[in-house]
Each structure stands twice: as structure tokens, then as C-alpha cells.
Amino acid sequence: MTSALTIESLRKTFGSAPDIVHVLDNADLELSRGQSLALTGESGSGKSTLLHICAGLEPFDSGKVMLAGQDIAQADDSARAALRRTSVGLIFQQFNLVPSLNVAANLAFQARLAGRHDPGFVAELARRLGIAELMARYPEQLSGGQQQRVAIGRCLAARPRLVLADEPTGNLDEATGDAVLDLMLELAAQAGAALLLATHSTRLAARCNLRVHLRAGKLQVSA
Amino acid sequence: MTRAALQALLSHWLRSPFQLAMLLAGLALATALWSGVQALNAEARAAYATAENLLGDGTSAQLESPSGRMPEGEFARLRRAGWDVSPVVEGRASLGDTRVTVLGIEPLTASSGGTSAELVTPDLTGFLAGVGFAHPRTLNEIGTSQPDLRPSQAIPIGTVLMDIAQAQTLLDMRGHITRLTLAPVQRDGLTPLNTLAPDLRLVAPGDGTDLAGLTDSFHLNLTAFGLLAFTVGLFIVHSAVGLAFEQRRTMFRTLRALGVPLRHLALLLAAELALFAILAGMAGLALGYLMAATLLPDVAATLRGLYGAPVPGTLRFDPVWALAGMGMTLAGTALAGGQALWRLWRLPVLAPAQPRAWAHAGARSLRLQGGVAVALAIIALILAQINGGLITGFALLAAALLAAALIMPLVLAGGLALGQRLARGPVAQWFWADSRQNLPRLSLALMALLLALATNIGVGTMVSSFRTTFIAWLDQRLVAEVTVTPRTPSEARALQNFLQTHADATLPMQRIDARLAAQPGQVYAMKDHATFRDNWPLLDAVPHVWDRLAAGEGVLVNEQLARRAGLRPGTATLEMPDIGVLPVLGVYSDYGNPLAQATLGLDRFTGAWPDTPVRQFALRSENPQALITALQDEFGLPGNQITDQAQAKALSLAVFERTFLITGALNVLTLSIAAIALFAALVTLSGMRLVQLAPLWALGLTTRRLAALELGRALVLAGMTLVLALPVGLVLAQILLAVINVQAFGWRLPLQFFPADWARLAFWAGLAVLAAALLPAWRLWRHGPHQLLKVFAHEK
Ligand SMILES: Nc1ncnc2c1ncn2[C@@H]1O[C@H](COP(=O)(O)OP(=O)(O)O)[C@@H](O)[C@H]1O
Ligand SMILES: [Mg+2]
């Protein structure tokens, strides 16, 4: 199994002494292609920070993060941007969509950036996410849940090797959330992609292959 | 509650001090330009009043001779007949290092209405013994070694007031006077003046060359410019207030949810605006005063050059002016902030915090805007058909400019939509779509830019067209190689004899003052000579015009007179004083002259006014330098009485350039304000745009690329604005040349194109826009990751 993401002795602090916050303290993590991993932890424990680091958005203090065989710390800004374009898919809880593009354009956007646009696949995704009727709308005309599903569709349409999802179903009701997670797991498995899912729902976490819990800056594998 | 709410509202400005600075700067600049222009106008008008009040000319009638002078005996004769008249001697003379207007009065009979009486009465014996008065600046120019002159602010610049006997000596007019002033109240039962003195002309009070009237158009021009700059400034205020309102929507909602009544909130916001207006207004007044003080010498030079108006070059402070300026600022702020308050009023408590449906709400207001623009354009078209006065002309100008400004966002939106349709690739498509979406937030600043650019192009084209025409015209008018000005009639006679053998041709310049078609004007004599036949700038003429003029069959009139009185050669006639009705043979251009003018053949002229002194000789010569030397040797003429052609042209051109100095300065100021407006909008927008840009960054666009795209977008929008500004500016120029100039000055100029000027303007505008866009783009590039990450970090 090839590694999609490797984290070794990762340290991340915010602020400076005496108000220093150790968000990540010697964290280690290994995620292979085709695997799904649930990252749980209390609010404010550092889940989002970890995901941002993995996406090359947030710098870190020390340690090593390998993404698609590339050391993020060694990559410069444009190399990290290229990684995000081609290898990583990000799903946030909010602020996901490009406000000036309609749903159809948003769905295709990431895939086109990555040079992997497949209109048939996008249509299929839209149908399965239940947003096929919304294609002409703009993000501001969608509810939070609809926006989230478009964001998930946009990420999956680009077929990234690593999907980083930060509480992606937070705005969805339980049934829809479950269905959407099913879809994400299915597509990730199909494409041989890895999925890193930050969530505080144990029910969702239970559906992933692996589970780690973040507490006091340490990652603990849980049952 | 008030304190807490106010604190919350003001906290916004503390967190975005830059936005506050822009708002205040916009207000201050608008105030400065408007009040500066008003200060200039007020100062000039005060100067006209000084000149008018000196002899009470505004209230007393005058008796004049068409030849410009009359024997002293007339005065005694009319006094004996019981008329309460007083003699005045007026003329130009060299005094010390300069030439001044010498004004001689007879203090014992002079009317007690004018300010001169107040000056003279306290020390009558001194005055009679030779004490004179002049403005301190005039005294400076005259220099030392002068007769007994005392400073007085009540005397117009460039004039010296003295006793009539002194003045006669100085002007070499012994035994003669220039005119008689009539006291407003006369005894009953006197012999009527037209039987007593049929040769003299009675001029009603305020009927002479009324400076205030002549210069009205100039001041109206200035006011229009000031108003335009003020409007551009208000655009800044409007967009800053609007953006701040949008940013504080959530806060308004929260405050209202926490129990602050709407009325209270609106009042607080109004108070906040008023506070800003007062702060910025004070700064603006100070700035305006400085600006006026800096520009006043130019304006004074312009007015002296154009109209011979005596305007001092120094500024006084007038509290009424300051209050009026502050009032204008408050009113402007109310206007610019009114929309935001209105929207607050109508905002439901639970309005979505996100500015929802900008694109859609925008589409509706865009349609409305387009409708208003079309209506304004129709009004402009109608106004262009009406041959109204200057006010109509300015209304036409305003309607055309406003229509263009309002239609601009629509055109830009169309252009951006086209760009989006043609774009290939996801980033390019996003670029156009995003520009479209942000257009409403930028369109006010872009409108300001459009107005500034169009004004620049319009006024620049007008001035350049004028300059080209004027230079060509000078070549036609200033054909004579040398002009010489005799100091006295006897010198004139001696000169004429001398010149008969020394110059190739001697063309005497004679004129009388006259009312032509009920306007103040002058009649000139013209010798039949090739100089005129070959060069005179005729705009329109009957066949064989020169032969007929030489034969005394009619007159030529200047363009001003022809336009104002509707005179067309061949069909029109003109009533000439002492001669009667004569056909109009031709019309010639006469730029820079505020007066009506008619030209007669020399014989016809001397037949009607035989004693008219020669004011100047225009001389033709193969060897002008030798002629000048000969004149100096023979007559000992000082330098300022002999002018060669090059000097004359240089002088006229200098006057011309000074006339438009102030226009150039205001042009630059207006463009700067527009650049600041764009800068303010872009900087404010850049904060709000983080949320829009963050997803793209997360999807793998580098901040450098995003910054470059932001910069490119500002340039694309500015470029489109410039392209739109070009036709608008040319329409503006055409209105200025064909309507405003005709109404204000009486001449119409052909529109000419100056692409090099446009290129230069495009370069400067591009630079200004680049400067305005650089800081936000640079911040995005440098601090982008940190800022953008915050968007995600604070997402919950
Ligand atoms: N930019 C920042 N500056 C300072 N502290 C931050 C910043 N971003 C996050 N933090 C802090 O880091 C901790 C982890 O935050 P986050 O990763 O958002 O937690 P989670 O996503 O698990 O709720 C929190 O205590 C938060 O306050
Ligand atoms: Mg989080």
C-alpha cells in the first residue's frame, strides 16, 4: 500500500510565551491510499489546524509532513499550491464555494484546475448528491447544506488522491449526512484515494477504517 | 444605551482606520475644491466691486465723446447751464517701472457716492497739492522715486487716483478731459443735454463695460469645475459610507436584536456622519483656502489678460465663505450618506448577514440606472437643440456627463459578460465572473474616474483646439513686423511723417468707443492694404468685401457681435453711431476680446470722427530691426512703446497660456481625487474580498497569482473606463466649443483631435490606477496566506 499522507513528530504552536498554545505536540500519522481515517477531538483541540497543515495552508514549527511523496516543508508556495491543485481535495464547513460562479461552474472548477474535467462524472456526482436541479444557482442562493454538498461534489469531481474533509456534514441532517459520507467513502475507495475526515460525531467516525483521537496535541489511535 | 451603541458603531472605524481616512480625505478634498473655487470667485467679485465703487459708476450716468476725449470747456459750459457734472480724466501712463491707469478727478464737484470721495475728503488740500492714492501692490510695482502716493485698498490694482490737473499733466491732456459724470439728482427745468451738447453721448449707470457682467462666464466656468470636483469627492464619500454600511450590517442586526430602536440607530449613524463632515469640512476649508491662495495669482493673471479686470493676487479670509463651505459639506454628506441611512431604515431585523444577491439586487438597480441615463441623454439632446443661454449650456453639460456616468456600469457589465463568454480556462472564467460580481462595489469609484477622465479629455481638447486655432489666428492678425505706440497726439503726427519714408507701409490704429447693437463695443478704422486683404481672419464675407469696405459701403463685425446680434453678411445691417445703418460685409474672428467690435474703411471712419487720435501704428518693413533702431534714435521711444512681431505674439500666447493655467491645475486635482476614490474603494474591497479569494487559494492558486489577477482586474476596468471616457470627453469638448464658448465668449471653435494628449492621459491614468491597486495587491501577495487562513480558522 502506498502512503498518501505521512506525519512525523509534528509540532505546531500558536502565539508566543507566556500565552503559547501547543496545538500539536509530536503528532504522528500514516494514511495509505484507499483508507479512510476519522479524526475526532473536542472543539478547539486542533483538528482544523492539522488539516490546514496537511493541505499546505498553514506553516508548522517542526516535524515532517509528506504529501504524495513530497515533503511539504521543502516545497515553496507555488509547489504547495500545485499540490493543492492536483493531489489534495479540501472540504471545509463554510466558505467553500467561489461566490461569483454558479453551481455548475463551481462543481467543474477544481477538476478543470487539475486538468481532469469529466462532464459525465460531474453530472453523475450532482445527481447522487441531489443537487442536479441547482446547477444554474449561485452559492448565495443555496442553503448551508446545499452549499456543502456542492463543495463535496467539487472536491470529488477532481478525483484527488487525498481528501481532507473538515466536519463536512456539520450542516446536514443525519440521514443526508450519512448518505453523503457513504458517497465519499465509496468514491474514495473506487479511486483508490485516501480520506481524512475531521468530525466530532462518533457515529460517523465509526464508519471509517481507522480512528484517531486528538487530545493535548497528541494523536491516539482509538478502537 | 447610546454610549454602548455608539461605541460599537465607532469601533468599526477604529478597526479600519484606513477606510476612515479615505472617507475624511474624500470629504475634505471635495470641500477644499469647492470652497477654494468659491474663494477665488468671491475675491474677484470683490475686486470688481472696488473698481465700480471708486467713482460710484454703478449709480451715476456718464457723458462721453465718441472720440474718447473732449475739451475742458464742455465741463464749464454744462456747469453754467446748471447741470451737476464733474470731470474725469482717464488714461494709461508710464509711472516708475510700470504702466498704470491714471484716474484724475475734480474733488470739489465729484459725486460723494464713490469711495474716492471718502479717501479725498479728509485731506482735501493735500490732494489738490498733488497727493495721490494707489493699491499697495501698485505702489510696489511703481517702485520708488514717485510723486506723493499713499496706499489704499479701495483703489483697484493698477490704477492711480489723483487730482485732475496732475492727471492732465501726466497724460499730456492739458485742456482736455475724458468724460463727465452726472450726479444722480439734477435740478428740474434744465436745458436737455441733447440740445446743450449734441456731440456727447449719455451712458446710463452700469451700462459701460461692466466687469462683473463680462467676467460672469469665467466665474461660471470656475464654479462648474468646482461643482464637478465636489461631485467627484462625494462619489468617494458615497462609496466609503456605503461600504462601511455593508460591513456593519451584522452589527446593525445585532444591535437591533439587543434592543436598540431603529430610530435611535439611524440617529446615531446620522450623528456619526455629521461629526465626520464637520471634521473633514474644517480640514477641507483650510485646504481650500491654501489652494485658492496658491491659484489666485494665476486667476488674477487670467482675468487681467482676458478682461483687463483688476484682481489683486492676495486672498482675504471671509467667515461667511467658511460657513457656506461647511454648509455645502454637510449637505453633500447628507446626500452621499442618505442612501445608506435609507437602506438601514428599510432593513428587516433578520436580514441575512451576508450581502445576499448582490448580483440580483444589482441587476434591478442597474436597469433603473440605465433608464435614468437614457432619460438624461434625451434631455441632453433636447437641450442641445435649444439655443438657450449659458445656464442651458451647463445644464446640457451636466446632463450629458451624468448620463454617461450612469450608463457606464451597464456598459462595463456588458463588456465583462462578453469577456466571460469568450474566456477559456477556469481561472479566466472566474476572473471575468468575479469582476462582474464586484462591479457594483467599484462602480462609484469608476464613475468618478470616468468623470475625471472625460473632463480631462474634454477640457484638454477644448484648450488644445483653442490653442491651435489661436496660434493660426495670431499669424493672421499680427502680420505687421513692428507696432509703435505714440505717447501724445503731437508725437503721433511726427511719427507719421517720419514713417512715410522709413516704413514700407504705415497702418494707423484708430478707434472710438461705441455701443453696437446695444452692447458695449468699439469701432476701428482699417486702411485699405494688402496686409489686411491677404491675411485678415474673415469667417464669412460678401463678394468683393475689401473693395466694398474701402469704398465705405459697409462694416466688418467681429464674431462675438455677429453671434450675439445674429448678423449675417449680405443680409444684416448694423446701426453705427453718427453714421446710421450700414450693411454688414463680413465677420472676422477676434479671440480674447470681450467687446463687440466693428471695423470701417479708414476714409469712412475719419469722415465720421475726424479728430480721433492714433493709438498705434502697425508698420510693415523688410528690415524691422533697422526700423526699430531708427525709431529709437529719432524719437527716443522707450522699449515698451515699440513692439516687434515676435514680442507681440509671445505676449499674446503668454496671456493665452495663463488663461488656461487654472484649468490645468483643476484638471490634475480632479484626476487625483478620482484616483484616491479608486484607491479607497479597492482597499476597502480588499478586506471584504478575502472571503471570496480564500476558496481559490485553498484550491491551489498562489497568492502571487491572485494578486496579479487583482491588479490586472483594476487595470482592465480602468482601461474600459478610459475607452468609454474618450467619446464622452469628445462630446464634452464639442459642447464646450460649440455651446459654452459661444455663450460665454461669443466665438465658436472647430473641434480638433489630439491623440498624443490622449496617450499621455492614458499613461498617467494607468499609472494612477496602478498606484491605487498596488497596495491592496501587494498586501494580498505578502500577507495573503495569513489573512486567508483566518477565513477558514474563524469559520465557525
Ligand atoms: N490563527 C490562530 N491564532 C491563534 N490561535 C489559533 C489560531 N487558529 C487556531 N488557533 C487556536 O488553536 C486551537 C485549535 O484550533 P482548531 O484547529 O480550529 O480546533 P478544532 O478545529 O479542533 O475545533 C484553538 O485553541 C484555537 O484557538
Ligand atoms: Mg475545526
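- Here CZ of A:R80 is found 11.0 Å from OG1 of B:T702. Values are rounded to the nearest 0.5 Å.
- Between A:L101 atom CG and B:Q437 atom CD the span is 8.5 Å, to the nearest 0.5 Å.
- Heavy atoms only, all atoms of each residue included: B:L701 and A:R84 are closest at O-NH2, 4.4 Å.
- Within 6.0 Å of CZ in B:R713 there are more than 12 heavy atoms belonging to other residues, nucleotides or ligands.
- Taking both residues in full, the closest heavy atoms of B:A698 and A:F92 are given as CB-CE1, 3.9 Å, listed atom of the first, atom of the second, then distance.
- Remark: A:R85 CZ is packed, more than 12 non-hydrogen atoms of other residues, nucleotides or ligands lying under 6.0 Å away.
- Residues passing the side-chain contact (heavy atoms from CB on, under 4.5 Å) test with A:D19: none are found, sequence neighbours excluded.
- At a heavy-atom cut-off of under 4.5 Å, chain B is reached by A:R112, A:L113 from residues 111-125 of chain A, listed in order of number.
- More than 12 heavy atoms of other residues, nucleotides or ligands sit less than 6.0 Å from atom CZ of A:R203.
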